[in-house]
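Predicted model only: the values in this text are computed from it and were never measured.
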Amino acid sequence: MRNVGTVTTEVDLIDPGTGGVYAEVEALAPNTERTMDVTFGKSSYAFRCFAEDTDAVTGPTIQVTEGSPPASPAVLPISSQDLSGAVGAYRGYVTKGLKTLADQTAALTRTLRAGDVAASRAAWLRAHLAYERLGAAYDTFGDFADQIDGLPDGLSKGVQDPEFVGLRRIEYGLWHGQPPKTLARYGDQLGTAVAGLRAEFPSARTDPNDLPLRAHEIMENALQFELTGQADQGSGTGRATIQANLDGTQAVLDALGPLMTKRYADWPQIAVWIAKTRELIKKQDGTAMDRRRLNAAVSQLVEVLAPIAAIGDVRRTS
């Protein structure tokens, strides 16, 4: 693909009958060229160019007939308007989840003030899982994300840094011998952060592209941080967190389902691998084989979720 124009252009290889996309080259700058690798099947094809600030231009249709297998289905493009219903449905889910989170964090603070270690640990886990179920919305949360569930990674004093606050700071204290009453101030800060997030969330904008992107990123983060133990501050509750991440992923899939079922051929495989992952979490036996099986299941789930980001990427159609 060579751009001989004066503005950046996107080039799509499309089915001219449906507008479905077979392949694309994004952000092709003026006086540059890029390669588009395609295996042509038996179908009709055309190139459609989307230059900045101009209408789309579609080239001539080319029919591939002899000596080729049938082409793979072209993916119908998705617009911001198409995603608006999914984003609205997911925001409704998050709004309810934030109410649950507020209730659970308030209960956690009460147990911390009471000084009961066992009750505080149980209350912490309920609050932590309530937050983890909101996985796809974290980019919308802004600074509140670190205030609620930030890790000590990158802080100059690590777990002793004053900026290490929120659920993970309380976890560290509860599982490292710190009296619950001394952690109550972190509970108060946490409650303030959650209240602030609830107040601001209705007016915060959720980028339509975020929802398809987060469909795999939630479990990708689970693979990177929970299965490796990197996020663990002493509670050893990584598997419970992965279950909550699966709940959050399922909420995203429920919102995107009406758009994806007709666009993603492997959509049914997602439910298969979610079920396998849940089953392996429940059947944990602590062995090395058990861990490898769970790692493999989560990795495969991430693989089948990954195409949703590209399929759901908002594209111009005119």
Side-chain angles (χ1 to χ4, degrees), residues 37 39 72-73 75 86 90 93 97 124-126 128-139 145 149-154 167-168 171-172 175 209-257 259-313:
D37 294 325
T39 300
S72 299
V75 176
Y90 189 75
Y93 165 83
W124 174 84
L125 181 58
R126 288 190 292 269
H128 170 65
L129 297 183
Y131 182 78
E132 290 294 330
R133 292 187 181 100
L134 307 178
Y138 55 76
D139 197 47
D149 201 50
L151 292 168
D153 302 358
L167 286 163
R168 293 296 187 176
E171 176 191 7
Y172 178 83
W175 274 270
N209 277 323
D210 276 358
L211 207 55
L213 183 62
R214 303 299 180 241
H216 80 277
E217 282 192 348
I218 298 172
M219 295 311 300
E220 193 172 58
N221 286 344
L223 188 65
Q224 180 179 355
F225 297 108
E226 301 303 335
L227 282 174
T228 62
Q230 183 176 336
D232 182 36
Q233 300 302 309
S235 67
T237 55
R239 287 184 179 239
T241 301
I242 294 171
Q243 285 279 28
N245 295 153
L246 288 169
D247 293 340
T249 298
Q250 188 61 60
V252 176
L253 299 175
D254 290 343
L256 291 174
L259 295 173
M260 290 293 156
T261 51
K262 296 180 181 180
R263 289 176 167 86
Y264 183 24
D266 284 341
W267 182 261
Q269 286 297 307
I270 296 174
V272 172
W273 284 100
I274 286 179
K276 286 184 178 181
T277 303
R278 289 192 188 277
E279 182 180 1
L280 287 169
I281 292 173
K282 291 178 181 178
K283 291 183 177 180
Q284 62 176 308
D285 56 23
T287 65
M289 179 59 71
D290 166 63
R291 183 181 180 84
R292 286 196 293 269
R293 286 171 177 164
L294 181 56
N295 283 344
V298 175
S299 297
Q300 184 58 39
L301 176 57
V302 171
E303 287 293 318
V304 296
L305 288 169
I308 294 174
I311 295 171
D313 190 30

* Asked: Can you list the steps and then say if W124 with T237 is a side-chain contact (heavy atoms from CB on, under 4.5 Å)?
  -> CA-CA 11 Å; W124 174 84; T237 55; 3.7 Å; yes
* So, are K276 and E279 salt-bridged, with charged N and O less than 4.0 Å apart? ->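 Result for this pair is no, no salt bridge flagged.
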* Residues L294, R239; criterion side-chain contact (heavy atoms from CB on, under 4.5 Å); working and verdict -> CA-CA 10 Å; L294 181 56; R239 287 184 179 239; 3.6 Å; yes
I need the [X] [atom1] to [Y] [atom2] distance, nearest 0.5 Å.
X	Y	atom1	atom2	result
D313	N209	CG	CG	4.5 Å
L280	R291	CG	CZ	13.5 Å
T261	L253	OG1	CG	11.5 Å
D149	L151	CG	CG	6.5 Å
N295	L227	CG	CG	5.0 Å
T277	I242	OG1	CD1	8.5 Å

Any idea which heavy atoms bring [X] and [Y] closest together, and the distance?
X	Y	answer
P212	G312	CG-O, 3.6 Å
L256	A86	CD2-CB, 4.0 Å
W175	G234	CD1-O, 3.3 Å
L129	A240	CD2-O, 3.5 Å
R263	V75	O-CG2, 4.2 Å
M219	T249	CG-OG1, 3.5 Å

Answer whether the closest heavy-atom distance between the side chains of [X] and [Y] falls below 4.5 Å.
X	Y	result
D290	K283	no
I308	H216	no
D266	V304	no
D153	Q230	yes

* Asked: Should the pair Y264 and W267 be assigned to parallel (<30°), tilted (30 to 60°) or perpendicular (>60°) ring geometry?
  ->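 Perpendicular.
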* Among L305, I218, D210, L213, find the one that has a side chain to side chain contact (heavy atoms under 4.5 Å, CB included) with V252. =>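 Of L305, I218, D210, L213, side chain to side chain contact (heavy atoms under 4.5 Å, CB included) with V252 is met by I218 alone.
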* Derivation of the side-chain contact (heavy atoms from CB on, under 4.5 Å) call for E132 and D247 -> CA-CA 9 Å; E132 290 294 330; D247 293 340; over 6 Å; no
* To do: Go through D254 and Q250 one step at a time and tell me if the side-chain hydrogen bond (donor to acceptor under 3.5 Å, both in side chains) criterion holds.
  => CA-CA 6 Å; D254 290 343; Q250 188 61 60; 2.9 Å; yes
* Decide side-chain contact (heavy atoms from CB on, under 4.5 Å) for N245 and N221; before the verdict, give the C-alpha distance in whole Å, the side-chain angles of both, and the deciding distance to 0.1 Å. => CA-CA 9 Å; N245 295 153; N221 286 344; over 6 Å; no
* Counting distance only, does the side-chain N/O of R168 pair as donor-acceptor with the main-chain N or O of A231 below 3.5 Å? ->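 Flag set: sc R168 to bb A231 pair under 3.5 Å.
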* Take E171 and S235, measure what side-chain hydrogen bond (donor to acceptor under 3.5 Å, both in side chains) needs, and give me the verdict at the end. => CA-CA 7 Å; E171 176 191 7; S235 67; 2.6 Å; yes
